[in-house]
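Here is the structure we will look at.
These numbers were taken from a predicted model, which means no experiment stands behind them. Sequence lines set the chain letters: A, B, ... in the order given, protein chains first and strands last, and positions in each chain run from 1.
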Amino acid sequence: MSSLIEMRQISKLYPNGVLANDRVDFSVERGEIHALVGENGAGKTTLMKILYGMEAPTEGEIWLRGQRVHIRSPIDAIRRGIGMVHQNFMLIPSFTVAQNIVLGREPLDRGLVNYTEALRITEQLSKEYGLKVEADATIDSIPVGMRQRVEILKALHWGAEILILDEPTAVLTPQETRELFTAIRKLTERGKTVIFITHKLREVKEISDRVTVMRNGRVMGTLKTAEASETQIARMMVGREVFMVVDKPPVQRGGVVLQVRDLTHIAETGHVRLRNISFNVYAGEILGVAGVEGNGQTELVEVLAGLRPATFGTAMVDGQSLLNHTPRKVRELGVSHIPEDRLTYGVALDANVAENTVVDRYYRPPFTRNGFLSVGFIMEFGNGLIRQFSIMAPDASVPVRALSGGNMQKVVVAREFSSQPRLLIAAQPTRGIDVGATEFVHQQLIQKRSEGCAILLVSADLNEVMSLSDRIVVMYNGAIVGVFPDAQKVTEEELGAYMLGLKKQDPAEMEAYL
Amino acid sequence: MKERRKQGWFEFARAVGTILAALLLGFIITLFVSKEPIAAYRAFLLGPLTRTNRFGNWIEESITLTLVGLAICLVFRARQFSLAAEGQLYLGALVSGLVGLYFQMPALLHVSLAVIAAALVGFLWGLIPGLLKAYLDANEIVSTLMLNAIAIRIYNLILTYRLKPPEAGYTVSRYFHPTALLPRIVPETRITTAIFWAIAAVFVVYFLMYRTPFGYALRMTGANIRFAYYGGINTKRVIYLTMAISGIFAALAGAHLSMGIHQRVILNVSMGLGFEGIVVSLLARNNPLLIPVTALFYGYLRAGADIMERSSDVTRELVMVIQAVIILLVTAEGFLAFLQRQMRIRRGAELAEGKEAGDVI
Ligand SMILES: Nc1ncnc2c1ncn2[C@@H]1O[C@H](COP(=O)(O)OP(=O)(O)OP(=O)(O)O)[C@@H](O)[C@H]1O
Ligand SMILES: [Mg+2]
């Protein structure tokens with residue numbers, strides 16, 4: 001019997017000369033969960049875009065259900081039962097969840113869209129697969145995890161039999177990831193097939209039946225997941241041994257760098273997002289912030305980085321007030337910031353890599369001399385960072401748009417690490433980057449810590465917070481509900497109880513450790 | 001690197017292709033509406049080259065188009081859809097005219113003063129919608145269109161009630177003092193030293209955009225305003241300064257019209273030239289170095305259309321249709337982008353053979 005999908009000898013050469021897929025053979029069986037892994041820029045997204053008709057292969061054949069097919073466009077792919085949820089979502093922000101789900105396949109009533117019916121369809125799909133959404137809320141008002149569920153439901157409404165998920169868990173909390181996995185299993189029970197791209201090998205082990213590993217545009221092999229270990233997969237991906245355990249020298253805590261007192265932020269909508277937050281971050285330590293996403297971490301980071309005003313309270317860096325200044329002033333005080341969403345704040349897609357690496361310093365020498373931009377120097381600087389941070393790009397003059405998702409993240413990390421910060425605010429610093437690069441970023445964070453930089457680390461990845469941090473605070477509903485002075489001594493379960501608001505420490509007790 | 005240069009050429013070829021396609025369509029339309037389509041179309045295609053004064057008209061128009069094209073290019077690169085050029089052009093024409101009429105001084109000084117006054121008023125007339133946008137979030141399309149209407153009213157008012165001599169039969173001012181006229185440099189044409197401003201302006205804009213920190217801030221604001229803000233760029237300042245600086249070039253176009261072409265203040269000095277700058281800039285993909293090229297192209301087209309209208313049975317309406325076709329094709333560049341992709345895919349197939357993965361050509 002032939003496979004459900006068979007991609008044979010697929011090559012893809014992008015116009016800028018990057019060979020993203022090189023004679024790739026890839027096959028998927030009906031009803032399986034197939035993981036696709038590989039380093040940033042290995043060509044995973046490209047391969048899936050080809051299957052989904054978004055990119056034309058330069059060479060190669062696609063066979064679907066035993067027949068040779070030419071998939072010319074996403075519409076064509078959808079007609080053949082292939083649906084894809086992208087790394088970057090493609091929903092209409094001002095439409096409601098139900099409107100987005102039925103978009104293009106609207107239930108009609110005398111030529112008009114029957115919205116009640118759309119709501120019903122949404123509720124029914126949502127219940128059937130256990131993917132919770134608020135059918136009547138607009139997209140721009142719902143959190144990112146729910147947007148992703150909307151994308152999946154939309155593909156299902158369109159009749160997808162094969163569902164491609166491009167790094168779905170990169171934006172999810174552990175809780176949401178578990179729910180997603182439950183839904184994926186339900187899908188395959190109903191005979192659907194799922195292709196799942198991820199950088200987290202734990203997830204590969206947990207969910208997939210088989211795993212295909214890509215490196216440098218080629219397929220290194222396809223394994224039965226049950227027979228492969230995480231280290232083995234990692235080695236295949238990177239081509240060398242990867243150390244997934246962080247090796248951290250003991251903390252050498254210096255003086256206070258960041259001092260936050262009673263920080264409160266009330267959003268324009270009137271919601272209280274931060275409630276009397278107080279804590280210190282010391283030189284040479286990493287303070288981890290744990291919490292389910294949406295409990296004020298984003299606001300905390302953005303208030304400190306000068307992107308949002310504080311309603312009241314104080315925050316000082318080396319004794320100088322940080323609040324309600326422009327981002328430039330904040331940066332000049334020695335703060336650098338890796339934003340959680342690279343596409344919103346982190347990069348300008350149409351500017352080139354070099355330009356993206358100097359946005360915080362372009363106006364200073366040596367980037368500007370005598371009033372003129374040192375174009376050559378900026379390009380050299382960009383090329384230097386490309387080498388230093390192993391960013392996969394031909395050179396610094398290519399637009400960031402042409403980089404893979406993980407390499408865009410590396411551009412951001414490279415810029416923020418290279419500015420010699422006193423305080424580094426790192427929000428989801430390894431989101432969407434591969435194991436090798438994650439290892440690299442972790443090493444860099446430890447290196448900065450050893451150099452005496454104060455680091456505030458916010459991550460939805462509990463493992464990351466626990467293995468890197470010296471101290472951990474837990475945020476729940478805009479407040480700090482727990483502090484753990486020794487990150488080594490806390491368990492995942494205990495943190496979880498605080499994150500879900502089941503436990504809470506006494507503020508007076510916490511004070512000594514914040 | 002070689003690949004990139006090739007891409008640049010392709011962009012250029014694409015712009016030319018867009019125009020050629022439009023010309024072909026124009027000819028097909030001419031076939032239907034003219035009894036002598038060949039002659040009419042020849043007048044259109046070759047007309048501007050047949051006589052010195054026609055050649056002059058083409059170049060004069062191209063100077064104006066270059067300047068307004070640069071004005072539009074600046075604001076578009078910062079992703080501000082400011083349409084203020086038309087009003088700024090009127091005010092530039094008016095203010096340089098006032099200096100030309102009411103002051104007396106040595107030639108070089110007089111011209112300089114008139115130009116500086118025009119530039120200043122263009123700057124200020126751009127600053128208004130810029131500040132409104134930056135600090136009050138007023139939509140720049142709406143505010144600039146309203147400001148255009150105001151500028152044109154001011155122009156007409158001052159021209160009719162102050163500048164027009166009582167004895168004049170129609171609404172024009174007196175000729176400016178000779179010291180305030182731009183020297184003509186090609187006999188039998190109205191091509192003046194303004195051509196040097198236009199050339200200099202191209203380099204100034206290019207330099208400003210690519211070689212100064214302000215230009216960097218401008219381009220980043222246009223590429224992703226949140227990124228620019230996060231990185232520490234004062235995006236409000238970028239917005240209002242860009243709109244103000246853009247005004248300088250539009251006003252210079254106006255000064256060129258009154259001090260170089262008409263030598264006095266006339267009614268309806270522009271008739272939408274400020275908006276033609278949009279076509280010029282879009283054709284040049286908002287690249288300042290390409291703007292003189294596309295301005296010459298588009299100026300030629302307009303000059304030819306003018307001649308066809310006057311020398312054949314083709315009406316003004318058709319002329320407008322041809323111009324509309326070009327604008328349509330420019331906005332529908334997707335078609336050509338598609339062609340380009342097809343070509344790349346074919347060439348890519350050849351390159352792929354024997355290439356290593358991740359290799360870069
Ligand atoms: N539109 C594009 N134009 C040119 N090159 C591109 C384009 N998209 C991707 N590339 C290049 O193709 C290669 C593969 O990219 P792809 O997005 O498929 O990687 P990926 O495996 O999905 O990586 P990641 O894990 O970082 O998302 C990269 O080197 C990238 O720079
Ligand atoms: Mg990808």
Side-chain angles (χ1 to χ4, degrees), chain A residues 11-23 41-43 56-59 215-218 305-307 326-332 337 339 343-351 355-356 358-364 367-368 371-375 378 392-395 397-399 415, chain B residues 1-8 10 77 79 206-238 285-286 337-338 340-361:
Chain A
S11 292
K12 172 70 190 180
L13 183 72
Y14 277 112
N16 61 358
V18 175
L19 187 52
N21 285 163
D22 183 13
R23 287 160 288 167
T58 314
E59 260 182 290
R215 191 203 310 166
N216 255 335
R218 297 211 179 118
L307 296 172
T326 61
R328 172 157 304 167
K329 182 78 199 299
V330 171
R331 284 175 176 279
E332 283 178 344
H337 167 208
L343 292 182
T344 308
Y345 288 118
V347 294
L349 289 175
D350 291 318
E355 289 165 343
N356 269 279
V358 297
V359 69
D360 58 332
R361 64 200 85 163
Y362 71 94
Y363 59 95
R364 286 197 305 250
F367 304 97
T368 289
F372 292 108
L373 218 53
S374 316
V375 178
I378 289 173
M392 209 189 196
D395 63 59
S397 69
V398 298
R415 177 183 65 228
Chain B
M1 211 60 232
K2 215 170 78 204
E3 187 69 14
R4 198 101 18 84
R5 188 154 338 116
K6 247 191 250 163
Q7 255 181 47
F10 201 100
R77 278 307 281 270
R79 204 161 293 176
Y206 174 80
F207 224 80
L208 180 72
M209 231 147 54
Y210 291 95
R211 297 292 147 125
T212 66
F214 175 76
Y216 173 86
L218 185 162
R219 287 182 293 118
M220 293 308 120
T221 302
N224 177 356
I225 190 167
R226 293 200 209 199
F227 165 75
Y229 183 70
Y230 146 94
I233 291 171
N234 184 344
T235 50
K236 290 188 193 309
R237 185 166 163 269
V238 168
R285 313 280 126 138
N286 298 329
F338 169 78
Q340 179 183 20
R341 219 175 60 213
Q342 292 302 307
M343 280 180 58
R344 287 248 171 84
I345 287 170
R346 212 172 320 127
R347 202 178 55 213
E350 290 155 22
L351 286 172
E353 284 158 27
K355 269 286 160 209
E356 280 296 293
D359 261 8
V360 170
I361 295 151

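For R361(A), no part lies under 4.5 angstrom from a heavy atom of chain B. Looking at N21(A), neither its backbone nor its side chain comes within 4.5 Å of chain B, counting heavy atoms on both sides. Heavy atoms closer than 4.5 Å to chain A are found in the side chain of F207(B), but not in its backbone. Contacts between V358(A) and chain B at a heavy-atom distance below 4.5 Å involve backbone atoms as well as side-chain atoms. If you measure heavy-atom distances from R211(B) to chain A, the contacts under 4.5 Å come from both the backbone and the side chain. Using a 4.5 Å cut-off between heavy atoms, T344(A) touches chain B through backbone and side chain atoms alike.
When every heavy atom of F227(B) is checked against every heavy atom of G346(A), the shortest pair comes out as CE1-O, 3.2 Å. Counting all heavy atoms, side chain and backbone alike, Y210(B) lies closest to V375(A) at O-CG2, 3.6 Å. Closest approach of A217(B) to Y362(A), counting heavy atoms only: CB-OH, 3.7 Å.
From D350(A), atom CG reaches atom CE of M220(B) across 10.0 Å, with rounding to the nearest 0.5 Å. Taking OG1 from T212(B) and OH from Y363(A), the interatomic distance works out to 15.5 Å, rounded to the nearest 0.5 Å. Note that CD1 of I233(B) and OG1 of T326(A) are 12.0 Å apart. Values are rounded to the nearest 0.5 Å.
A side-chain donor-acceptor contact under 3.5 Å links Y216(B) to the backbone of E355(A). A donor-acceptor distance shorter than 3.5 angstrom exists from the side chain of Y230(B) to the backbone of H337(A), with no hydrogens or angles considered. Side chain of N224(B) to backbone of V347(A): a donor-acceptor contact under 3.5 angstrom is found. Put simply, the side chain of R226(B) never gets that close to the backbone of L343(A): no donor and acceptor are under 3.5 Å apart.
Of all the listed residues (G41(A), G371(A), S374(A)), the one sharing the greatest number of non-hydrogen pairs under 4.5 Å with chain B is G371(A).
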